[in-house]
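Okay, so here's the structure we're looking at.
Computed over heavy atoms, backbone and side chain alike; hydrogens, waters and symmetry mates excluded. Naming: A, B, ... by sequence-line order, numbering from 1 per chain.
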Amino acid sequence: MAGISKNIMSKSPWVVHVNCNSCNGCDIEFLACLTPIYDAERLGIINVGTPKQADILVVTGSANYKNIDVLKNIYNQMPEPKVVVAVGACACTGGVFHSCYNVIGGIDEILPVDVYVPGCCPKPESIIDGLIEASRILEEKRIKIKNPDKGVAI
Amino acid sequence: MAKTVIPFGPQHPVLPEPLQLKLVLEDDVVVEAIPAIGYVHRGLEKLTELKDYEQSVYIVERVCGICSFMHSMAYTRGIESIMNIQIPQRAEYIRTILAEIARVQSHLLWLGLLADSFGFESLFMETWRYREDILDIMEMITGNRVIISANKVGGVTKDFTDEHIKFILDTINRLEEKIKDVENVFLNNYTVKQRLAGIGILTPEDARELGALGPIAKGSGIPLDLRTTGYSAYKYLDFEPIVDNHCDSYGRTVVRIKEIYQSFQLIRQAISKLPSGEIFIPVKGLPNGEVISRLEQPRGEAIYYIKTNGTKTLSRLKIRTPTFANIPTLLKMLPGSRLQDVPVIVLTIDPCISCTER
Amino acid sequence: MITLINLKILIKLLLILILPPVIGCILSGIDRKVTAHLQGRVGPPLLQPLYDVIKLFNKENIVVNKYQNVYVITYFIFVVLSLFMLLMKMDFLMIIFVYTIANTSLIVGGMSTGSPYSRIGSVRETISMLAYEPILLFYIIGMYMLTGSFKISKLAYTNKPLLYYLPLIFIAMLFIMTIKFKKSPFDFSTSHHAHQELVKGMFTEYSGPALAIIEVAHWYEYVFLLGLIFLFWYTSPIIGLILALITFFLEIVIDNICARLSWEWMLKFTWTIIIGLSIANILFIYLYNVKIL
Amino acid sequence: MANMLNIVLKNFLKKPKTRLYPLKERDSFERTRHKIHFETADCIHCGICQRKCPADAIKVNRAEKIWELNAYRCIICGECVNVCPKKCITMLNKRRDVAENKKYISIKKVD
Amino acid sequence: MLDRMIDNVTTVEKKNLLEAVNNMKLKGYRFAAMTCVQENDIFELDYHFDLNFEMEHIKIVVNQTDEITSISKIFPAAFLIENEYQDLYGLKFKGLIVDYKGALYLTPNSPKTPMVNNKAE
Amino acid sequence: MEQIVLLLLLIPLIFSIVFIYSNKKLYKPLSFLMFFICSILSIFLAYKGSLSIRLTGQIFKISEGIITLSEILMILYLFKISVKHHKIGIFILTVIQTIITLFTIFTPDKSEILTVGIDKFSLAMLLIINIVGTLIVIFANGYISEYEHHHGIESKQKLFYPIICLFLSAMNGLVVSDSLSMVYFFWEITTITSFILISYNGDDEAYKSGFRALFLNLIGGICFGVGNILLKKMLDIDTLSGIIQHGSISLSLMLPVFLLCIAGFVKSAQMPFQSWLLGAMVAPTPVSALLHSSTMVKAGVYLIVKLSPAYAGTRLGTVIAIYGAFTFFICSAIAVAQRNAKRILAYSTIANLGLIICSAGIGTGVAVSAAIILIIFHAISKALLFLCTGQIEHTIGSRDIEDMTGLIRIAPVLSILTSFGIISMILPPFGVLVTKWMSIEAAGSNPFVASFLVLGSALTTLYYTKWLGSILAYPVTELKAQDKKDFCIFFPLWALGFGVLMTSIFITPIFNNFVSPEVNKLLKKSTDMYIKRGEVVSKLGTFNEAMVFIALGLVVLFVILMRRLMISSANIKSIYMCGENNFAEGENYFRSWNGKYEKAKVSNLYFDNILDEKALTTFGYVVSSSIIIICLLGGLK
Ligand code: SF4
Ligand code: SF4
Ligand code: SF4
Ligand code: SF4
Ligand code: SF4
Ligand code: SF4
Ligand code: SF4
Ligand code: SF4
């Protein structure tokens with residue numbers, strides 16, 4: 001029973017996926033994580049469709065002028081605690097497209113990103129790494145929300 | 001009649017890519033569906049005017065992650081044509097083989113997404129599991145699973161070893177068996193048939209009118225397959241374009257499944273004829289001229305218009321991808337369909353928004 | 001004396017309140033595990049549903065309107081009540097009516113959130129209600145005709161299992177279980193996984209604690225629904241239990257071998273074949289005047 | 001529907017195909033491109049890699065002998081590996097870790 | 001499959017565009033693509049048609065301010081690309097079957113006519 | 001006692017006259033006054049219990065004289081309007097009617113007795129008529145002026161109130177009469193008042209509907225008259241109590257009973273005759289509520305229930321049960337495809353009357369109890385729903401249930417009352433559902449009846465849930481809404497809502513006082529059921545009302561307890577729109593393809609293609625007419 005009250009968040013991170021300026025490469029690799037070979041559900045990860053039920057926002061691709069509103073809305077509609085994972089070079093920094101006219105840059109220009117997954121496109125293993133890292137941060141955030149005063153000793 | 005107006009996308013679980021459809025429904029029947037795009041517009045064509053024409057290979061590869069190889073192939077073939085380069089035979093064959101492997105990968109991916117669009121989760125899982133085998137081939141040969149960077153102006157960067165060839169043959173033999181199982185499900189499962197047959201009808205006339213390409217045209221009985229023109233190594237291979245006369249979602253599914261088998265066949269043929277020799281020739285000078293380069297992607301004909309002016313950078317690159325040409329068919333197929341069929345119909349054009357918008 | 005009886009009732013009540021969610025949670029864990037294995041995956045741990053619920057309780061409570069959670073509470077209480085009444089072997093017809101309150105509340109809750117997706121999901125759920133309610137009622141009428149009573153407690157005195165005389169209704173029940181468990185081919189109002197035209201259907205706007213309550217209510221509902229199957233072989237609890245478990249497994253398998261069909265298809269199917277089967281079964285009992293009490 | 005039943009039951013009876021990734025890891029293929037590795041010893045800071053990198057992920061400062069990589073912009077195309085005259089960039093088939101912030105890899109050559 | 005763009009180009013007057021395009025349709029061609037190339041201040045629009053993998057091209061030359069007649073009534077397939085050039089080059093097409101009015105790719109805060117090279121710089 | 005009965009007849013009449021001469025300002029106080037007097041009188045009477053009065057000698061002469069005179073007046077009126085509006089059908093029917101009347105006048109009644117019999121059932125009806133009825137009159141005060149204003153018709157209120165009062169008086173007369181000739185007399189008055197009120201608007205549509213109603217009801221009246229005469233001739237029965245005493249009637253003599261039943265079917269707008277009730281929806285809402293759902297149409301089922309001793313347990317009973325169940329089913333199916341709230345309510349009314357008839361036809365103790373309880377509960381719930389619909393219409397200017405989407409935001413009180421009305425129709429623990437439970441249990445042994453009931457009740461849930469969902473849905477369509485707080489609107493609404501709740505809670509005394517004795521009397525046996533401590537217990541099963549109420553209480557408790565946790569602590573976020581929300585425009589706007597903002601909205605499904613009203617109606621006509629014709633031709637023998 002004691003184990004249940006520990007790592008509450010990291011046992012069941014639900015993911016919502018937003019495709020920004022991605023070339024599909026990262027998207028399909030993210031989807032591949034859910035398929036039998038990688039089976040992210042083992043780790044409690046479910047791809048829920050709605051941000052309202054999600055804990056982790058997985059973003060692939062960079063921000064452009066049309067999709068920043070979408071990204072912001074989706075982020076705002078997620079309940080706390082929440083974590084943002086930037087998957088792929090595009091989402092981290094803009095990737096090859098960083099100098100395109102319609103690319104604002106990595107999504108950290110818009111949202112606070114918690115985990116960066118490098119690669120173009122990252123292998124599913126890397127994405128799973130990112131999600132595991134994200135669930136750890138999720139748990140930290142939960143504890144922080146629960147005990148707001150305690151601060152973190154450095 | 002009470003109208004229902006709902007946005008369908010851009011962030012929507014059934015759509016792997018951001019596309020928005022404004023659906024107007026009357027009692028569950030779609031009366032108006034207008035696609036909104038622009039969520040993945042990067043402005044990549046402009047970028048190639050800033051980069052070295054050799055670097056641009058890596059950029060056009062990222063037009064899209066699914067048939068990224070096809071894009072680099074169309075692009076390099078265009079530049080080679082401007083520069084009058086004859087690439088080695090082995091390179092042509094390797095390009096062809098990789099292109100067909102990419103086609104299998106793309107079609108398997110699509111089959112999975114299609115299954116998902118009508119709520120058949122286990123079938124999605126099954127097809128995507130098979131797809132992993134293809135990705136293993138890719139990773140083994142080229143070092144990456146999706147964006148493989150195997151082309152360069154003047155040939156290819158990765159050679160096949162005997163071990164690779166054996167691995168390819170083993171894998172496709174094994175897959176062919178497995179795909180027969182899922183084929184049976186896609187084409188004969190009662191529930192699946194309910195969701196495909198008669199859904200999203202596109203008559204041959206409409207298909208022509210709207211400029212449908214690839215499996216959509218082929219699923220409506222139009223044998224539009226650029227490979228028959230015999231570019232690259234296709235001229236040495238023996239095949240017939242696949243057509244189907246169902247003219248609906250079912251027809252498109254049939255075409256794509258048959259194309260998988262056809263691709264296996266083509267891979268085997270090409271491997272058996274694979275010549276030895278160099279895989280690229282060094283390139284000198286700068287391209288000057290304009291060209292239209294076309295090839296058959298998994299979703300149909302892609303058109304590359306390349307204009308160069310003797311400098312390192314391109315002066316204009318225009319990419320007309322197959323999905324771009326297939327989107328207008330949605331305007332025809334969606335009205336009159338039921339809400340639950342919208343995802344299925346949208347999926348049957350295999351919408352790749354990232355290449356539509358570039 | 002009095003305290004003793006009360007104690008007994010109290011213990012019973014506690015058991016009824018505590019045991020079903022535990023069973024339901026495990027069932028839903030088994031569901032996910034078995035589904036995963038059918039798809040060639042490993043799947044989540046058995047207690048994953050529990051982890052999910054605990055997590056959901058720890059999430060921020062967000063709503064689109066302040067009162068949407070009232071419907072969830074109503075749903076929860078009436079699901080528990082209908083299960084309670086089932087376990088207390090009360091009047092079957094009344095149980096179903098009470099169960100209707102729960103479902104209606106959920107539907108209205110979905111509509112009240114105002115999201116287009118949940119509203120369409122709710123509309124579709126009303127349609128599935130239209131599909132399954134008659135079957136449940138026919139089941140009850142069949143039981144009444146066989147036992148001469150609407151009370152479940154009377155089943156204890158029967159000499160033959162219901163299944164023996166209600167085979168067609170049993171088949172009909174198998175179909176509507178698919179609707180109730182929200183499994184393919186009838187998972188169009190909402191489903192456990194996302195990926196569908198309606199995002200999460202009815203539950204699109206529910207999150208955090210409210211979703212957790214819905215989830216727990218689902219656990220009760222699982223037990224309740226399997227309880228209905230159990231009644232088909234009330235005479236021998238072991239066989240009844242096995243019957244329920246087989247049904248459960250069957251539903252999971254059906255879920256994995258079917259695409260989602262359209263609601264029209266379901267409506268046509270239930271209102272012709274399934275209701276036809278049920279009526280045929282009832283007519284048979286009527287004409288041969290079978291009694292098992 | 002029997003056609004699918006056949007498949008799922010086979011799956012059910014066989015061992016799951018899942019690679020239990022964080023617990024067990026499959027070896028990468030020999031050619032797998034995961035990340036680039038830079039050996040500063042031979043580098044002459046000629047800047048060819050910077051010029052050829054399609055993503056502008058490399059910055060070479062000739063004067064200060066600094067070679068910098070923005071690993072989160074690198075698309076692992078391998079172009080720099082091909083072009084480096086001194087072969088001081090190599091491709092590794094070991095994954096780069098995910099991180100909570102974007103670390104720039106900056107290597108200064110000390111003679 | 002390569003086409004050098006030397007052959008088969010017919011340059012027509014702007015006002016004769018519809019007629020020329022209609023002829024292509026009557027001959028059974030399908031609309032394949034359309035490119036826009038900027039040469040200093042003028043824009044060359046090439047309409048590419050295909051019949052049995054043989055390409056024909058129709059070229060018109062316009063200024064940015066010119067109003068161009070849309071061919072989407074003849075070839076519905078063309079509406080998307082015409083909208084695209086409306087966005088990217090600031091051209092104007094009239095008679096589009098679906099007119100995105102410059103909102104196909106761009107939003108009010110994105111760069112305007114991004115594909116146009118301004119020599120002024 | 002007798003005086004009170006007389007008062008109940010006279011007071012509305014007096015008010016009728018006062019209304020004619022009073023000025024407009026006095027309508028409101030007068031209505032309230034009437035409400036108080038009538039309710040107090042009826043409650044007092046109900047408290048005192050049943051009685052039976054025989055009018056003989058002088059009083060008989062006077063009454064007979066009044067009746068004959070009024071009948072002649074009515075016939076003259078009918079001739080007048082039929083000539084004025086060139087209605088040949090009406091004219092012919094009036095001629096037949098005249099013949100029947102002349103026949104009764106010239107066959108002198110040897111017994112020279114009229115009986116007034118008030119039993120428990122009549123008392124219940126009296127309570128409904130005098131409380132619900134007068135509440136509706138109060139509502140009309142808040143309603144009718146605005147209604148006339150909307151429709152641009154000149155005020156006919158000088159006609160409206162007197163006619164309504166006259167109707168109330170006639171209704172009171174109908175339920176206290178025991179002599180069939182008296183019942184017949186009042187029956188005809190209701191027909192005519194109904195006609196006048198339906199054609200209230202004075203436009204073509206109103207007259208068309210009015211004449212349709214008149215036509216069909218005259219047919220019903222003729223059946224009644226003929227049945228009456230035959231009953232007297234064949235069985236020497238001329239009172240309702242006579243039927244009870246006579247008990248079960250052999251099939252060969254069933255024709256008169258069946259003719260009376262047909263009269264009941266027409267008045268209750270059962271299947272082949274249902275069209276008049278739908279047409280009657282053009283009348284102002286208070287009229288629909290009063291005449292066409294809670295009281296007048298109940299006269300039909302009232303008669304049928306009263307006749308139940310004659311056919312209970314016979315084959316005719318079974319046929320009536322199937323007939324009622326069929327109407328219930330088919331009208332519920334048609335209602336699914338309706339969007340007009342008043343039409344939904346009309347179909348639902350027909351369906352519920354069908355259910356009552358079905359229960360009466362089954363004829364067991366439980367079933368007849370169900371029929372009577374349903375009459376009571378349905379009257380209150382439906383009155384509430386009709387009035388709410390009327391008020392909604394004045395709030396948003398539409399009676400389309402799609403337009404009511406999000407009503408809860410603009411008119412919360414009204415929405416809650418409407419929702420409560422709907423819930424009371426479809427969900428336990430409220431009365432209507434308890435009776436549905438009873439009738440399904442009672443019908444359990446007849447698979448045909450049971451199937452129709454089962455399917456019909458599923459459909460009922462569907463169309464009401466749809467409506468409920470619309471009202472409670474959140475985002476609103478732009479409605480020019482003014483939620484008016486008019487006391488004479490909301491007092492009746494609250495009172496009726498309260499009535500629904502209270503009658504459901506106190507179902508025990510209602511059952512014990514009004515239903516069970518009546519059933520005992522009618523069927524001469526016990527009801528086979530009792531209600532005790534919130535439990536409806538029959539031989540077949542138990543409905544634990546109390547438990548559901550406790551659960552409802554628990555919900556309230558939970559909501560209060562969890563207020564902080566679940567409700568007030570909740571953070572409001574925007575609606576999920578696939579990420580394309582726009583907050584400046586409103587919460588359910590999304591950015592559309594052309595960069596403009598559009599509103600997302602969802603409507604319900606109406607299955608117009610499957611449940612086509614016309615096709616289903618035709619089907620219903622065929623089936624129900626065949627049932628009736630076969631019975632008439634003696635197919636039962
Ligand atoms: S530098 Fe530019 S291309 Fe490279 S990652 Fe950053 S934004 Fe992308
Ligand atoms: S990081 Fe690479 S693979 Fe991923 S979206 Fe960007 S370009 Fe595509
Ligand atoms: S059609 Fe375009 S986006 Fe789609 S897979 Fe091919 S290249 Fe990629
Ligand atoms: S190309 Fe090689 S030698 Fe030149 S700077 Fe880059 S790493 Fe150093
Ligand atoms: S691998 Fe490619 S993207 Fe990465 S640093 Fe080298 S050249 Fe640049
Ligand atoms: S209450 Fe309202 S509707 Fe009635 S008369 Fe007054 S203002 Fe008019
Ligand atoms: S809408 Fe208002 S102003 Fe117009 S007629 Fe009705 S009440 Fe009068
Ligand atoms: S709102 Fe009512 S009263 Fe007003 S016009 Fe409409 S129907 Fe007539």
Contacting moiety of Asp114(A), where chain D heavy atoms sit under 4.5 Å: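 For Asp114(A), the contact with chain D is made by the backbone alone.
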
Go through the atoms of Glu125(A) and report whether side chain, backbone, both or neither lie under 4.5 Å from a heavy atom of chain D.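 Its backbone and side chain both get close to chain D.
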
Which of the residues [options] is involved in the greatest number of heavy-atom pairs with chain D at under 4.5 angstrom?
options	answer
Gly88(A), Ser126(A), Ala91(A)	Ser126(A)
Pro124(A), Gly119(A), Cys120(A), Pro122(A)	Cys120(A)
Val113(A), Ile127(A), Asp108(A)	Asp108(A)

Below 4.5 Å from any heavy atom of chain A, which atoms of Ile75(D) appear? Answer side chain, backbone, both or neither.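 Both backbone and side chain.
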
State whether the number of non-hydrogen atoms from other residues, nucleotides or ligands found under 6.0 Å of Lys59(D) atom NZ is greater than 12.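 Open.
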
What closest approach, in Å, do His98(A) and Asp56(D) show between heavy atoms, and which atom pair accounts for it?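 Minimum heavy-atom contact is NE2-OD2, 2.7 Å.
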
Closest non-hydrogen atom pair, Ala89(A) against Cys74(D):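 For Ala89(A) versus Cys74(D), the nearest heavy atoms are CB-O, 3.9 Å.
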
Could you work out, with ring pair (Phe, Tyr, Trp, His ring centres under 6.0 Å) as the rule, every residue matching Phe12(D), not counting sequence neighbours?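 Once residues adjacent in sequence are excluded, the partners of Phe12(D) under the ring pair (Phe, Tyr, Trp, His ring centres under 6.0 Å) criterion are Phe249(C).
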
Residue pairs involving residues 33-48 of chain D (criterion salt bridge (charged side-chain N to carboxylate O under 4.0 Å, His left out); sequence neighbours excluded):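 Sorted pair list comes back empty.
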
